[in-house]
Amino acid sequence: MSVIEIQLNEPALGVKYIPAGKVRTENPYLFDFDQFGFPAFTEKNLAFVSALIENDSDYNGEDDKIAQAYKNLFSDGGQLNENNLALIVDDIDRVNTTHLAAEGPRGGGDGREKTIERISGISNLRKRLLEKDDSLIADMGKMEQKNNFSFATKFCAFVSLRSLKQDNYCIFDNVVADVLPYYVYMYAGNAELALLGSCCRPLLRGPRKGIIVSTVGKNAKENVKNNNRKTKGFKEGCSDGDDAFGYSYYRGLVDAVLKGIASKSKKPITIEYKQFDNLVWYYFKGKAGVQRRGAALRKIRLP
């Protein structure tokens, strides 16, 4: 399998990169890394993570009835099968811990039922998914008691992939969102980011007001708190936007990263949302991932 070589010597956000050094390894069981020691978007890495997930018993033990539910979610005429919808909503919530049950008075526990009812009431769902309609996220996720933003992105992404065979939505996941500023810093350009709105503003400020500051030295504890506040504000700026705009900002950031990756590749490369989500999520998840995310964010130096 050939390896896509990514050129990281062209600055994003006005950054002057350190010498890249060796970012590839011939070992098929190790990641290719960028110059800061985090996964680069190479064909090997994408295939490696896909194989890891497909062969991990924590993620490949799906019941056949769930696969059939996705396959038969829509009739040929686009009508929604509510029994299959209920199976899919329950499975996404259980596997991804999106806490739908917290909806209702005092977390009344009927959130899944309310979510199923909400989705069932959406007109032209299949058509809107095929059109990559961002407003579906708000229509589906904004409930009376809570915003099920992450669930809505996962539902739209999984149904698009598995029921419609299209990679139409990127997932909003806390792990991916936490470290997304690093990949924006590495790959996206100022001109694109300036068009994306208020969600991006924390990424465009100077070094003292930027998304993160150093967490070493005499102010380390306070800086950690400030970093957590800023990354939380960044994520809330995406998830709490009015109507479609919150998700559009988030998708815009991911699109800017993917465009930047393609522009720095020596040969044509197209990375799907699923591939981007999987690579970032798998490497940065878990207890070790918390340290890795912090280390990645500390590499950001804004002009």
Side-chain angles (χ1 to χ4, degrees), residues 12-13 15 31 33-34 36-41 45 49 53 59 95-99 137 141 147-154 157 169-188 193 196-205 207 209-216 220-241 246-258 260-261 271 273-302:
L13 294 180
V15 175
F31 282 107
F33 292 109
D34 62 23
F36 292 129
F38 302 104
F41 291 91
N45 278 356
V49 167
I53 293 175
Y59 310 111
V95 173
N96 295 276
T97 322
T98 46
H99 303 295
I137 304 301
N147 182 2
N148 295 323
F149 181 78
S150 180
F151 168 83
T153 68
K154 291 179 171 71
Y169 290 86
C170 54
I171 289 171
F172 182 95
D173 176 272
N174 275 326
V175 172
V176 178
D178 273 347
V179 78
L180 180 60
Y182 171 76
Y183 285 105
V184 171
Y185 167 77
M186 291 293 288
Y187 293 106
L193 293 177
L196 296 179
S198 61
C199 183
C200 307
R201 287 175 188 162
L203 302 181
L204 298 175
R205 295 173 180 163
K209 296 181 180 179
I211 192 70
I212 68 116
V213 293
S214 174
T215 55
V216 297
K221 186 176 292 187
E222 186 63 27
N223 286 346
V224 168
K225 291 181 182 179
N226 287 337
N227 289 348
N228 290 339
R229 174 177 54 81
K230 289 175 182 177
T231 53
K232 181 179 179 182
F234 159 69
K235 291 188 291 184
E236 288 177 349
C238 290
S239 63
D240 292 340
Y247 181 71
S248 293
Y249 291 151
Y250 183 75
R251 186 205 285 271
L253 288 173
V254 175
D255 286 346
V257 171
L258 298 184
I261 293 169
I271 298 176
Y273 288 135
K274 179 183 178 181
Q275 293 175 306
F276 174 81
D277 293 332
N278 283 349
L279 177 57
V280 177
W281 172 80
Y282 196 89
Y283 185 79
F284 289 100
K285 68 184 178 72
K287 291 182 178 179
V290 173
Q291 301 299 318
R292 289 170 173 173
R293 298 199 298 269
L297 292 177
R298 287 193 288 275
K299 297 297 183 183
I300 298 175
R301 297 291 184 271
L302 298 181

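Residue Asp277 holds its CG atom at 15.5 Å from OH of Tyr282, rounded to the nearest 0.5 Å. For the atom pair Ile261 CD1 and Tyr183 OH, the distance stands at 8.5 Å (nearest 0.5 Å). Between atom CG of residue Leu253 and atom CG of residue Leu258 there is a gap of 11.0 Å, rounded to the nearest 0.5 Å. The distance from atom CD1 of Ile271 to atom CG of Leu279, rounded to the nearest 0.5 Å, is 8.0 Å.
When the side chain to side chain donor-acceptor pair (under 3.5 Å) test is applied to Lys154, the partners found at least two apart in sequence or on another chain are Ser150. Checked against ring-ring contact (aromatic ring centres under 6.0 Å, His included), Tyr169 has no partners two or more places apart in sequence or in another chain. Qualifying side chain to side chain donor-acceptor pair (under 3.5 Å) partners for Tyr182, counting only residues two or more places apart in sequence or in other chains: Asp34. Under the rule for a side chain to side chain donor-acceptor pair (under 3.5 Å), Tyr283 has no partner lying at least two apart in sequence or in another chain. By the salt bridge (charged side-chain N to carboxylate O under 4.0 Å, His left out) test, Arg292 is found to be paired with no residue, residues two or more places apart in sequence or in another chain being considered.
Taking the side chain as every heavy atom from C-beta outward, Val254 and Tyr250 approach each other to under 4.5 Å. For the pair Phe276/Val176, a side-chain contact is recorded, criterion being any heavy-atom separation below 4.5 Å from C-beta on.
Nearest heavy-atom pair across Ala40 and Tyr187 is CA-OH, 4.4 Å. Closest of all the heavy-atom pairs between Ala157 and Ile171 is CB-CG1, 3.7 Å. The shortest heavy-atom contact between Ala296 and Phe284 is CB-CE2, 4.3 Å. The shortest non-hydrogen separation linking Arg293 to Lys285 is NH1-CA, 4.3 Å.
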### Query
Between Val257 and Leu180, is a side-chain contact (heavy atoms from CB on, under 4.5 Å) present by the stated rule, with each step listed?
CA-CA 9 Å; Val257 171; Leu180 180 60; 4.2 Å; yes
### Full working for side-chain contact (heavy atoms from CB on, under 4.5 Å) between Phe36 and Met186
CA-CA 10 Å; Phe36 292 129; Met186 291 293 288; 3.7 Å; yes
### Message
Is there a side-chain contact (heavy atoms from CB on, under 4.5 Å) between Arg251 and Tyr273? Walk through the geometry before answering.
### Response
CA-CA 10 Å; Arg251 186 205 285 271; Tyr273 288 135; 3.2 Å; yes
### Query
Would Phe31 and Phe38 count as a side-chain contact (heavy atoms from CB on, under 4.5 Å) if you check the C-alpha gap in whole Å, the side-chain angles of each, and the deciding distance to 0.1 Å?
CA-CA 9 Å; Phe31 282 107; Phe38 302 104; over 6 Å; no
